[in-house]
Amino acid sequence: GEDVEQSLFLSVREGDSSVINCTYTDSSSTYLYWYKQEPGAGLQLLTYIFSNMDMKQDQRLTVLLNKKDKHLSLRIADTQTGDSAIYFCAESVHGSSNTGKLIFGQGTTLQVKP
Amino acid sequence: DTGVSQDPRHKITKRGQNVTFRCDPISEHNRLYWYRQTLGQGPEFLTYFQNEAQLEKSRLLSDRFSAERPKGSFSTLEIQRTEQGDSAMYLCASSSRRLAGEAYEQFFGPGTRLTVL
């Protein structure tokens, strides 16, 4: 079945790099996403990667995909206090109905200490 | 483009009552999703509409839950005979084909937080 797992908590110092990890089970996933959720706000798409890519960089964000191990990571360079939030890994499942529904992990709480 | 809006933002109800939530997607987005998020968990898919057609329902969506999207615009999610286990954040998202290939960027609303006493 479809399952996405993440570590629950990460604490870093301001200016350090943060690496958030995720594993998924559905080998047919086409796209993998990283969403950010701040208190009282909706989910915000940060970045995504197509399953035939190994890496994608977008400003301070770097996504690495190891398709063989079904492992996805999000690296945030020069982490700021404003990056404190919950980060969700998600895979899109298309199947025969092509709904594009998202399967989310349980979220990683990132705490950035000044 | 004002984003996805949801109403109400908070709802407190007594067990056994019926509640209805509304979602207004981004205009011209033909795809609409409902998710449920409980404390400490990621969102879980409930149901999907393409235009006015409800094309997929999760097993999480018991017969006490019903969703509609008349005319393919706004959507409503009704929960009948609410139970304490229904307490959660209900999220709505809409999308259209924006990313490359088959990917759809889903834009999420702020959610409706339901508390069942």
Side-chain angles (χ1 to χ4, degrees), chain A residues 1-9 20 22-24 26 28-53 56 58 63 65 72 85-109, chain B residues 2-7 9-10 23-26 29-51 53-61 88-113:
Chain A
E2 306 137 354
D3 192 23
V4 179
E5 294 196 355
Q6 303 177 235
S7 52
L8 296 182
F9 185 79
I20 302 172
C22 168
T23 57
Y24 61 98
D26 192 335
S28 65
S29 296
T30 309
Y31 284 87
L32 295 139
Y33 306 81
W34 285 102
Y35 279 84
K36 178 181 181 182
Q37 188 175 42
E38 295 176 280
L43 286 158
Q44 174 195 356
L45 178 64
L46 288 177
T47 187
Y48 67 96
I49 188 167
F50 188 42
S51 59
N52 69 352
M53 297 169 64
K56 181 178 180 181
D58 184 359
V63 179
L65 176 60
L72 183 74
I86 302 176
Y87 290 80
F88 291 97
C89 169
E91 57 177 348
S92 61
V93 179
H94 293 274
S96 57
S97 58
N98 196 28
T99 66
K101 68 183 180 185
L102 295 174
I103 306 299
F104 286 87
Q106 64 268 57
T108 299
T109 298
Chain B
T2 57
V4 179
S5 61
Q6 293 187 245
D7 183 69
R9 294 290 304 275
H10 303 274
C23 169
D24 286 274
I26 293 171
H29 276 191
N30 61 340
R31 294 171 170 244
L32 187 144
Y33 305 80
W34 284 98
Y35 294 84
R36 181 173 70 186
Q37 185 177 21
T38 53
L39 200 61
Q41 300 296 317
E44 296 173 294
F45 170 78
L46 291 179
T47 191
Y48 162 70
F49 288 86
Q50 186 164 323
N51 300 310
Q54 188 175 21
L55 297 184
E56 185 170 347
K57 292 194 290 185
S58 162
R59 284 169 294 178
L60 293 174
L61 215 65
M89 178 77 85
Y90 290 83
L91 297 167
C92 176
S94 70
S95 75
S96 62
R97 190 184 298 257
R98 290 197 175 199
L99 304 174
E102 291 295 311
Y104 299 90
E105 179 176 358
Q106 294 187 25
F107 293 83
F108 283 81
T112 294
R113 182 169 294 284

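Just so it is clear: chains get the letters A, B, ... in the order the sequence lines come, proteins before strands, and each one is counted from 1.
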4.5 Å side-chain heavy-atom contact, B/E105 and A/Y31: no
NZ on A/K101 to CZ on B/F45, rounded to 0.5 Å: 5.5 Å
B/Q106 side chain to A/G100 backbone, donor-acceptor under 3.5 Å: yes
Segment of B/R9 engaging chain A (4.5 angstrom heavy-atom cut-off): side chain
Residues forming a side chain to side chain contact (heavy atoms under 4.5 Å, CB included) with B/P25, sequence neighbours excluded: B/L32, B/R69, B/S94
Residues A/F88, B/Q37; criterion side chain to side chain contact (heavy atoms under 4.5 Å, CB included); working and verdict: CA-CA 12 Å; A/F88 291 97; B/Q37 185 177 21; 3.4 Å; yes
Which atoms of A/Y35 approach chain B - backbone, side chain, both or neither, heavy atom under 4.5 Å: side chain
Heavy atoms of other groups near A/K36 NZ, more than 12 under 6.0 Å: yes
A/Q44 versus chain B, the contacting section by heavy-atom distance below 4.5 Å: neither
Any donor-acceptor N/O pair, B/Y35 side chain to A/L102 backbone, under 3.5 Å: yes
